[in-house]
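Values reported hereafter were calculated over all heavy atoms of this structure, with side chains retained and with hydrogens, waters and symmetry mates removed. Reminder, nothing fancy here: chain letters follow the sequence lines and each chain counts from 1.
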Protein chains: 2
Amino acid sequence: MRLTSKGRYAVMALVDLAKFNDINPVSLRDISLRQGISLDYLEQIFSKLRKKAIVQSVRGNQGGYVLNKKANEIKLTNIFDAVDEKVKTVQCKKESKKGCNGKPTKCLTHNLWDELENHINDFFEKKSLEDLIKDNIERRI
Amino acid sequence: MRLTSKGRYAVMALVDLAKFNDINPVSLRDISLRQGISLDYLEQIFSKLRKKAIVQSVRGNQGGYVLNKKANEIKLTNIFDAVDEKVKTVQCKKESKKGCNGKPTKCLTHNLWDELENHINDFFEKKSLEDLIKDNIERRI
DNA sequence: TATATACTTGACTAAATTAGTCAGGTTTAT
DNA sequence: ATAAACCTGACTAATTTAGTCAAGTATATA
């Protein structure tokens, strides 16, 4: 089980954005340089974030991106959801009609993976962008 | 983020083994048939489980595998550890000397992934094979 | 002792996924 | 006008996964 870097980058970029988000929009170029993420890849990620209304774009010279909600209203769930980062534990769920393994009943561990998914999603549900920023400032002091 | 099927199969197979583990050892062939997992793949998995002393093999005719510990002493952590299923959240950890992104400091979200890892490992640490079997019996009633 | 059953090991491979790159746009402040 | 910055879709190399395949070794039982 591993997290993909798309999800990681999305969170990193948004923390960066939130930190530097005062008067002017923040350009992807700046985020790219500060966080060491390829500009092209950032554009893909921000396109998705924009479609889910997490950020807003400002076009033209001196343009960039702005948060579309308050930092405490953006949960990790929202971010991961936007970039298609999902917790996929059970393959059995693909064929929803059948049970798992092609058998009519649930597989022996079906319940377990459900619980695990919930456990992880709880974590993502509770953490907001604001939490991350606070945590960041505290550690700097 | 997703769980690999090697980890899933390992858990499924062990639950199956624990259920049918009375007097005789359980053959991989039986597990394969009951759980719909390829025999060859099961052999790979059980080889690892044996090396970590989670199961014991009984060779020869009528042979098979037996649990090497009590079901309540086998935690999910142990199983996942045996088959190399790990929770890998942060790539930054690879180059331990440096911080993340090749920079000397930790990346903005380093702490977050640490917390997530702990959160998930907690879950695996608490669940034992016995819990899974109980859960299974209860749902059947 | 023959032999079938079952474990054991290592090498190999096809498919899927990821982590980007690349090219060619469009929009708009200055 | 033009440069900065967003926007989009297609493409690709590397990695990982989920197995398969082949060639054994060990041993209970007839």
- Item | Nearest-nucleotide pick for B:Tyr9, side chain only, options being D:dA5, C:dT8, D:dG19 | D:dG19
- Task: Round to the nearest Å and state the distance from A:Lys51 atom NZ to D:dC7 atom C1'.
- Result: 9 Å
- Message: OP1 or OP2 of C:dT5 versus the side-chain N and O atoms of B:Arg29: is any pair under 4.0 Å?
- Response: no
- Item | For atom NZ of A:Lys48 and atom P of D:dC6, their distance in whole Å | 18 Å
- Does B:Tyr65 place a side-chain N or O at less than 4.0 Å from the phosphate oxygens OP1/OP2 of C:dT8? yes
- Query: Closest approach of B:Tyr65 and B:Val55, non-hydrogen atoms and distance?
  - Reply: CD2-CG2, 3.8 Å
- Query: Can you give one letter per nucleotide of nucleotides 22-30 of chain D, 5' to 3': B if a protein heavy atom sits under 4.0 Å from the base, S if only from the sugar-phosphate, - if neither?
  - Reply: ---BSBB--
- Note on the structure: CD1 of B:Ile133 to CG of B:Leu17, rounded to nearest 0.5 Å, is 9.0 Å
- Query: Of all heavy-atom pairs between B:Ile31 and B:Asp16, which one has the smallest distance, and what is that distance?
  - Reply: CG1-OD1, 3.5 Å
- Step by step, would you call A:Leu112 with B:Leu76 a side-chain contact (heavy atoms from CB on, under 4.5 Å)? CA-CA 11 Å; A:Leu112 173 67; B:Leu76 283 193; 3.8 Å; yes
- Item | Spacing between A:Lys6 atom NZ and C:dT21 atom P, to the nearest angstrom | 13 Å
- Query: For B:Ser47 and C:dT9, is the shortest distance between a side-chain N/O and OP1 or OP2 below 4.0 Å?
  - Reply: yes
- Note on the structure: All heavy atoms of B:Gly7 vs all of B:Val83, minimum pair found to be CA-CG2, 4.1 Å
- Task: Look at the rings of B:Trp113 and A:Phe80 and say which category their plane angle falls in: under 30° parallel, 30 to 60° tilted, over 60° perpendicular.
- Result: tilted
- For the residue pair A:Phe123 and B:Leu116, establish whether any side-chain heavy-atom pair is separated by less than 4.5 Å. yes
- Task: Start with the C-alpha gap between B:Glu115 and A:Lys127, add the side-chain angles, then the distance that decides, and say whether salt bridge (Lys or Arg N to Asp or Glu O under 4.0 Å) holds.
- Result: CA-CA 11 Å; B:Glu115 283 180 47; A:Lys127 281 274 176 195; 2.9 Å; yes
- Query: Should B:Ser27 be listed as having a side-chain N or O under 4.0 Å from OP1 or OP2 of C:dC7?
  - Reply: no
- Task: Taking all non-hydrogen atoms of both residues into account, name the closest pair between B:Met12 and B:Gln35 and its distance.
- Result: CE-OE1, 3.6 Å
- Query: Would you say C:dT18 has OP1 or OP2 under 4.0 Å from some side-chain N or O of A:Thr4?
  - Reply: no
- Below 4.0 Å: OP1/OP2 of C:dA19 and any side-chain N or O of A:Ser38: no
- Message: If I take atom CD1 in residue B:Ile37 and atom C1' in nucleotide D:dT20, what distance separates them, rounded to the nearest angstrom?
- Response: 16 Å
- Task: Send over the distance from A:Leu42 CG to C:dA19 P, rounded to a whole Å.
- Result: 14 Å
- Message: Taking the nucleotide of DNA chain C with the nearest heavy atom to each, does A:Leu39 or B:Arg50 sit closer to the 5' end?
- Response: B:Arg50
- Query: Of all heavy-atom pairs between B:Lys48 and B:Ala82, which one has the smallest distance, and what is that distance?
  - Reply: CB-O, 3.6 Å
- Message: By nearest atom, which of the nucleotides C:dG20, D:dG19, C:dC7 is closest to the B:Leu28 side chain?
- Response: C:dC7
- Message: From CG of B:Leu49 over to P of C:dC7, roughly how many Å is that when rounded to an integer?
- Response: 13 Å
- What is the distance from CG of B:Leu33 to P of C:dT5, rounded to the nearest Å? 14 Å
- Query: Can you give one letter per nucleotide of nucleotides 11-16 of chain C, going 5' to 3': B for a protein heavy atom under 4.0 Å from the base, S for sugar-phosphate only, - for none?
  - Reply: B-----
- Rounded to the nearest angstrom, tell me the gap between atom OH in A:Tyr41 and atom P in D:dA10. 18 Å
